[in-house]
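Below is one structure, written out as C-alpha cells; the observations come after it.
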Number of protein chains: 2
Amino acid sequence: MGRDDAVNQSDRCGDADGGSAAPSRRKDARRNKETLLEAAATVFVTSGVDAPVRDIASRAGVGLGTLYRHFPTRADLIIGVYRHQVQACADAGPALLAAAPSPHDALRQWIDLFVDFLVTKHGLAAVLRSDQAGFAALHDHFLDRLLPVCAELLDAAVTAGEIRADIDALTLMRGVGNLCIGAESDPDYDARRLTRVLVDGLRRPH
Amino acid sequence: MGRDDAVNQSDRCGDADGGSAAPSRRKDARRNKETLLEAAATVFVTSGVDAPVRDIASRAGVGLGTLYRHFPTRADLIIGVYRHQVQACADAGPALLAAAPSPHDALRQWIDLFVDFLVTKHGLAAVLRSDQAGFAALHDHFLDRLLPVCAELLDAAVTAGEIRADIDALTLMRGVGNLCIGAESDPDYDARRLTRVLVDGLRRPH
DNA sequence: GACGATACGGAACATCGTTCCGCTTTGGCA
DNA sequence: TGCCAAAGCGGAACGATGTTCCGTATCGTC
C-alpha cells in the first residue's frame with residue numbers, strides 16, 4: 001500500500017491540459033482549469049471519483065458552468081487528474097521488460113504497478129469499467145495508453161512460451177481492472193493477491 | 001450463454017416471500033408483492049437491476065409507496081427476484097463435489113455455474129459488489145447462501161493438495177463476482193474464460 | 001354491516017447531473 | 001489609456017431519480 005513508485009506520484013506540471021486542445025488565451029480560464037484539477041484531485045481522494053460535481057466546483061470556488069466548460073464530462077476531469085500517472089505506468093512497461101528476468105515476470109510486475117495505481121484511487125476501477133455513456137473517453141484514454149504496453153508484455157511472454165495464448169491484452173486488462181473494484185474500501189479483499197493468482201493462471205499448463 | 005441448467009431456471013413458487021417475515025394477512029398485499037416481483041423480474045431483464053423504481057411500480061400497476069413498503073431497498077427486490085436461483089446454485093455445490101473427478105474440478109464447475117448466473121443478470125455483479133449503503137443486505141444474502149458452499153469446495157481442493165491455501169473463499173467469490181462485471185454488455189469481454197484462468201491460477205505450483 | 005387495522009397511491013421533497021443565458025472579465029487595438 | 005468584441009463566468013432552472021409521508025381506500029373480523 002502506498003508504494004513510493006513512479007506511478008503513484010501525484011505531481012502535475014504547470015500546464016493543466018496535457019492533451020491536444022490548445023490552452024485558452026485568457027489567464028483566468030487557465031487558472032480556473034488548474035484550480036478545478038486541484039480541487040478534483042482533493043475531492044477524489046476524500047469522496048472518490050463519484051463525488052458530486054457541485055462539491056468540486058464549490059471547492060474550486062467556481063460555478064457549475066465553469067466546471068462544465070472546462071470538463072464537459074466527469075471522464076474529462078478524471079483523465080485530467082490522473083493523466084500523468086497513467087503515462088508513468090505506460091512508460092514503466094518497456095523498462096520492466098528490459099530489466100526483469102523473464103517476460104512473465106515483467107508482466108506480473110507491471111500488473112502489480114497498475115493494480116497499485118487503481119487500488120489507491122477510490123472508485124476509479126469501478127468507473128473505468130462503467131459502460132455508462134460519457135465514460136467512453138475515460139475508457140479509451142486508459143486503453144490508448146496502457147493496452148499497447150500490456151499487449152507488448154503479453155506477446156513477449158507468449159513468444160517465450162511462458163503463458164497460454166488464448167487471452168488477449170484487452171480481456172486481461174479488463175479482468176485486472178475488475179478485480180480492483182472495491183479493493184480500496186475493504187481490507188478483507190486482497191485485489192493484489194487475486195491479480196497475481198490470475199497472472200499465475202496464465203502460465204502454460206504442461 | 002443461456003445454458004439450461006438448474007441455476008438459470010426462473011420459476012418461483014407461490015409464496016413471494018421465501019424469507020423469514022410472516023406473509024401479510026391481507027390478500028391484496030400478498031398479490032401486490034407477487035405482482036411487484038414479476039414486474040421487477042421483467043424490468044431487470046430489459047433494463048438491468050438498476051432500472052428506475054418508478055418503472056417497476058408502474059409496470060406492476062402499483063404506487064411507489066406500495067413498492068417501498070414491500071421492498072424497502074432495491075436489494076430486497078433483487079433478493080426476492082433471484083432468491084431461488086441463488087439457492088439452486090448453493091444446492092449444486094455438494095452435488096458437484098460428489099460427482100466430479102476431483103475437488104478442483106468440482107470447484108471449477110461450480111464457479112462456471114455461478115458465473116453463468118451472474119453474467120445473465122444485467123448489472124447484478126456490479127451491484128453485488130457495490131459498497132453503497134442499502135446493498136449490504138444483498139451482499140449478505142449472497143454470502144450467506146454461497147460462501148459456505150464455496151468454502152467447502154475450496155477446502156476439499158486444498159485438503160486434496162490440488163490448490164494453494166492462501167486464498168480464502170470470500171476473496172475468491174468477490175474476485176469471481178468482480179470478473180463478471182460488465183460481461184453481459186460486452187461480447188469482447190469473456191468473463192467465463194477469465195474466471196477459468198483465475199481458478200487455474202489457484203493450482204498449487206510445483 | 002360496522003369498525004379498526006392494514007395497505008394503497010401519489011404528491012412532495014431531496015439530490016444530482018446538465019443546460020442555458022444574462023452579466024463580467026480579459027486581451028488586443030486604436 | 002480607453003473601448004469593445006470575444007471569451008469566460010456564475011448560478012438559476014430543468015429533468016431524472018430515490019425516498020418519505022399522510023389522507024384515503026380496502027380488507028378481515030366481529
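Proteins get letters first, then strands, A, B, ... in listed order; numbering begins at 1 in each. Excluded from the calculations below are hydrogen atoms, water molecules and symmetry mates; all remaining heavy atoms, backbone and side chain alike, are included.
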Give me the distances for all protein-to-nucleotides 27-30 of chain C N/O pairs that come in under 3.5 Å?
{"from": "C:dG27", "atom 1": "OP1", "to": "A:K27", "atom 2": "N", "distance (Å)": "2.9"}

Partner set under side-chain hydrogen bond (donor to acceptor under 3.5 Å, both in side chains) for A:D155, not counting sequence neighbours: none
Whether A:W110 side chain and A:C89 backbone form a donor-acceptor pair below 3.5 Å: yes
Listed pairs under 3.5 Å, donor-acceptor, residues 54-78 of chain A side chains, sequence neighbours left out:
{"from": "A:T73", "atom 1": "OG1", "to": "A:A75", "atom 2": "N", "distance (Å)": "3.3"}
{"from": "A:T73", "atom 1": "OG1", "to": "A:D76", "atom 2": "N", "distance (Å)": "3.2"}
{"from": "A:T73", "atom 1": "OG1", "to": "A:D76", "atom 2": "OD2", "distance (Å)": "3.0"}
{"from": "A:R74", "atom 1": "NH1", "to": "A:V49", "atom 2": "O", "distance (Å)": "2.9"}
{"from": "A:R74", "atom 1": "NH1", "to": "A:A51", "atom 2": "O", "distance (Å)": "2.8"}
{"from": "A:R74", "atom 1": "NH2", "to": "A:A51", "atom 2": "O", "distance (Å)": "3.2"}
{"from": "A:D76", "atom 1": "OD2", "to": "A:T73", "atom 2": "N", "distance (Å)": "3.1"}

Test salt bridge (Lys or Arg N to Asp or Glu O under 4.0 Å) applied to A:R26 - qualifying residues, sequence neighbours left out: A:D28
Partners passing side-chain hydrogen bond (donor to acceptor under 3.5 Å, both in side chains) against A:D50 (at least two apart in sequence or in another chain): none
Contacts of type side-chain hydrogen bond (donor to acceptor under 3.5 Å, both in side chains), residue B:H139, not counting sequence neighbours: B:R174
B:N32 side chain near C:dA7 phosphate (N/O to OP1/OP2, under 4.0 Å): no
Base versus backbone protein contacts along nucleotides 11-21 of chain C [heavy-atom cut-off under 4.0 Å; B, S, -]: -B---BBBBB-
Sequence-distant partners of B:D105, side chain to side chain contact (heavy atoms under 4.5 Å, CB included), two or more places apart: B:A100, B:P101, B:S102, B:R108, B:Q109
For A:R164, salt bridge (Lys or Arg N to Asp or Glu O under 4.0 Å) partners two or more places apart: A:D166, B:D200
Aromatic plane relationship, A:F114 with A:F142 - under 30° parallel, 30 to 60° tilted, over 60° perpendicular: tilted
Watson-Crick and G-U pairing of DNA chain C, under 3.5 Å, as dot-bracket with | and [ ]: ||||||||||||||||||||||||||||||
Under-4.0 Å side-chain N/O to phosphate OP1/OP2 contact, B:H70 with C:dA7: no
Results of side-chain hydrogen bond (donor to acceptor under 3.5 Å, both in side chains) for A:Q87 - residues two or more places apart only: A:D91, A:R145
Heavy-atom contact window of chain A on DNA chain D, given 5' to 3' at under 4.0 Å: D:dA6 to D:dA13
Phosphate contact (C:dG9 OP1 or OP2) by B:T66 side-chain N/O below 4.0 Å: yes
Test: B:R129 cationic atom under 6.0 Å from A:Y189 six-membered ring centre, within 45° of axis: yes
Exam field: side chain B:T42 to backbone B:E38, donor-acceptor pair closer than 3.5 Å: yes
Test item: B:Q85 side-chain N/O and B:F117 main-chain N/O as donor-acceptor pair under 3.5 Å: no
